[in-house]
Amino acid sequence: MATDTPLRPADSAAYDENRSQSRPAPAASGWAPRLRRLIGIDEPLLAWVPEERARYTWYGALVVNTALLGALSMVLALSSFRSDLPLAAVIGVAVIWFWVVLALDSWLVSSTHGTTVRKWTLLVRFLLSVLLGLFIAEPILFQIFDKEIRQSIAVGNEQKVADYRGMLVSCNPTDGASTTDRRECARYQLKVAGSPAELTRQIKSNGDRVKTLSTQVAGINKTLSAKQSTEQRLCGPKYWIWRGGVRDVTITCERAREATSEYARNSKVKTYEKQLEDLVAQGQKLAARKDGAADDYQPLLQKAVDDKTRQRAADLDTDGILTRAAGLKEVAESDGFALFLTIVLHLLLLCLDAMPVLAKVLSGATTYDTLLGARHRASRKLYAEELQVQHTCARMEHDVQRHRVEWDTNDRMRRLEQEHQRAQAERAAQERAELEARMGRIMRARGA
């Protein structure tokens, strides 16, 4: 009879009698499940479609390869831009970057499983992977075009140094003439002592000071001579007087002498005359230096120009990321084939870096995605039903609690009513006893 036919469990059901295609398939072991676990694959669910194990295994391998490529890119970048870092630091940073890229790609891929993923979300994930690929691809391109980039940077730096030296020579003439009126020379002025123009300016300034001080000293001496003439006139024999039997000068003469001496002290004529002598001597020394300044200034100026040029050459960057990016741009712009090769390598590296998400976009929804989507829908439905059951149970529990409260309330109300009736009966009995006692007293009083 049909009812006597044994039934196989659902877990052992197969599409045919071949045990190699049993559903679900036996659990896999080795490194393949670990690769699939990186991209969020549920092995028990994948066991229902074992044909897609190879697809998702290589899918996980793509994610690992992208992370390894990122670690290699970081090693190349650090070795190029920070050659002073120790090997342990480079390896440590590369391992951290490997983990960051692996985690990001794993999230990008694992979030695409299921049939409910929309195309625009895949596009956003693809753009994120492209941005990550750009960061990974640039150091590799720098290493591929390292020789050309270094040559371009060297040529560019030589041109910059030559232009800088030319501006120094143009803005600092050998005769020491001033170029402050030229706007382009504002950053190229050199301060070299002993230039003929500087000595000429110093001689002119010294001459102006000598002239000013000579005028000041001449004015003081003129005033002092006038005071001395007044003193000599007032102190002459013509103005002598007899004092104590002796011929002596008058008080006016003494006042004139005192005024002359005070003016000589306050005017500091001796100090000014000494300063004037020093300025004249300094002018003579400057004039002597000016005669040989032309021969001495040119070597000093040449040395200053050479020092500034060497400093400029030392300050130019040769290994910075921006400098190498500019060098790569110049290499690409200088030759059509180099530009074509740069674009092709960029696209190739970007495709390699974006391959995990790109593979998902190209392959579309798989049977595993369909099963996962069905599980998601079933999970949501089961959860909704669970919520309904919980809601029903909670409502019934509330009804029980409400009924219990109602019965308890009625019981308490009956007890309160009985207590109230008993209290009223007791109060009525007491009142009757009091009335009877009062009537007895009244009757006894009347009988007496």
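FYI, side chains are in, hydrogens and waters are out, and symmetry mates aren't considered; it's all heavy atoms of this structure.
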Flag, side chain of R446 to backbone of I442, donor-acceptor distance under 3.5 Å:
no
Minimum heavy-atom separation for T66 to V101, with atom names?
O-CG1, 3.9 Å
What pairs of donor and acceptor atoms, side-chain ones from residues 384-393 against any protein atom, are under 3.5 angstrom apart with sequence neighbours left out?
residue	atom	partner	partner atom	Å
E386	OE2	Q390	NE2	3.2
H391	NE2	R395	NH1	3.3
T392	OG1	Q388	O	2.9

Point-to-point distance, once rounded to the nearest 0.5 Å, from CG of L35 to CZ of R53:
14.0 Å
Nearest 0.5 Å please: distance from the CD atom of Q275 over to the OG1 atom of T271.
6.5 Å
Separation between OG (S110) and OH (Y59), nearest 0.5 Å, reads 10.0 Å
Across all chains, not counting sequence neighbours, the salt bridge (Lys or Arg N to Asp or Glu O under 4.0 Å) partners of R404 are none
How many angstroms lie between CG in L213 and CG in N206, if you round to the nearest 0.5 Å?
10.5 Å
Interatomic distance, D278 atom CG to R209 atom CZ [nearest 0.5 angstrom]
10.0 Å
So side chain to side chain donor-acceptor pair (under 3.5 Å) across residues 151-165, not counting sequence neighbours, yields S152-E330, Q159-D163, R165-D306, R165-T309
Could you list the residues that satisfy side chain to side chain donor-acceptor pair (under 3.5 Å) with S214, not counting sequence neighbours?
none
Nearest heavy-atom neighbours spanning L316 and V161
CD1-CG2, 3.7 Å
Not counting sequence neighbours, which residues clear salt bridge (Lys or Arg N to Asp or Glu O under 4.0 Å) with E436? List them please.
none
Quick one: side-chain contact (heavy atoms from CB on, under 4.5 Å) partners of Q311, sequence neighbours excluded?
K308, D315
Run the side-chain contact (heavy atoms from CB on, under 4.5 Å) check on L46 and E43 step by step: do they pass?
CA-CA 5 Å; L46 188 63; E43 286 296 322; 4.3 Å; yes
Pairing residues for W31 by the ring-ring contact (aromatic ring centres under 6.0 Å, His included) criterion, not counting sequence neighbours:
none
Without placing hydrogens or testing angles, list every side-chain donor-acceptor pair under 3.5 Å for residues 414-427, not counting sequence neighbours.
residue	atom	partner	partner atom	Å
R415	NH1	D411	OD2	2.1
H420	NE2	Q424	NE2	2.7

Measure the shortest side-chain to side-chain distance between V93 and V90 over non-hydrogen atoms and say whether it is less than 4.5 angstrom.
no
Heavy-atom side-chain proximity of Y368 to D42 below 4.5 angstrom:
yes
Could you list the residues that satisfy salt bridge (Lys or Arg N to Asp or Glu O under 4.0 Å) with K211, not counting sequence neighbours?
none
The side chain to side chain donor-acceptor pair (under 3.5 Å) partners of R310 (sequence neighbours excluded) come to D307
Can you name the nearest heavy-atom pair linking V64 to F98, along with the distance?
O-CE1, 4.2 Å
How long is the straight-line distance from CH2 of W58 back to CG of N65, given to the nearest 0.5 Å?
8.5 Å
Could you work out, with salt bridge (Lys or Arg N to Asp or Glu O under 4.0 Å) as the rule, every residue matching R55, not counting sequence neighbours?
none
Side chain to side chain donor-acceptor pair (under 3.5 Å) filter on R402, not counting sequence neighbours, yields D399
Side-chain contact, heavy-atom cut-off 4.5 Å: H403 with V400?
no
Would you call E51 and T367 a side-chain contact if the rule is heavy atoms closer than 4.5 Å?
no
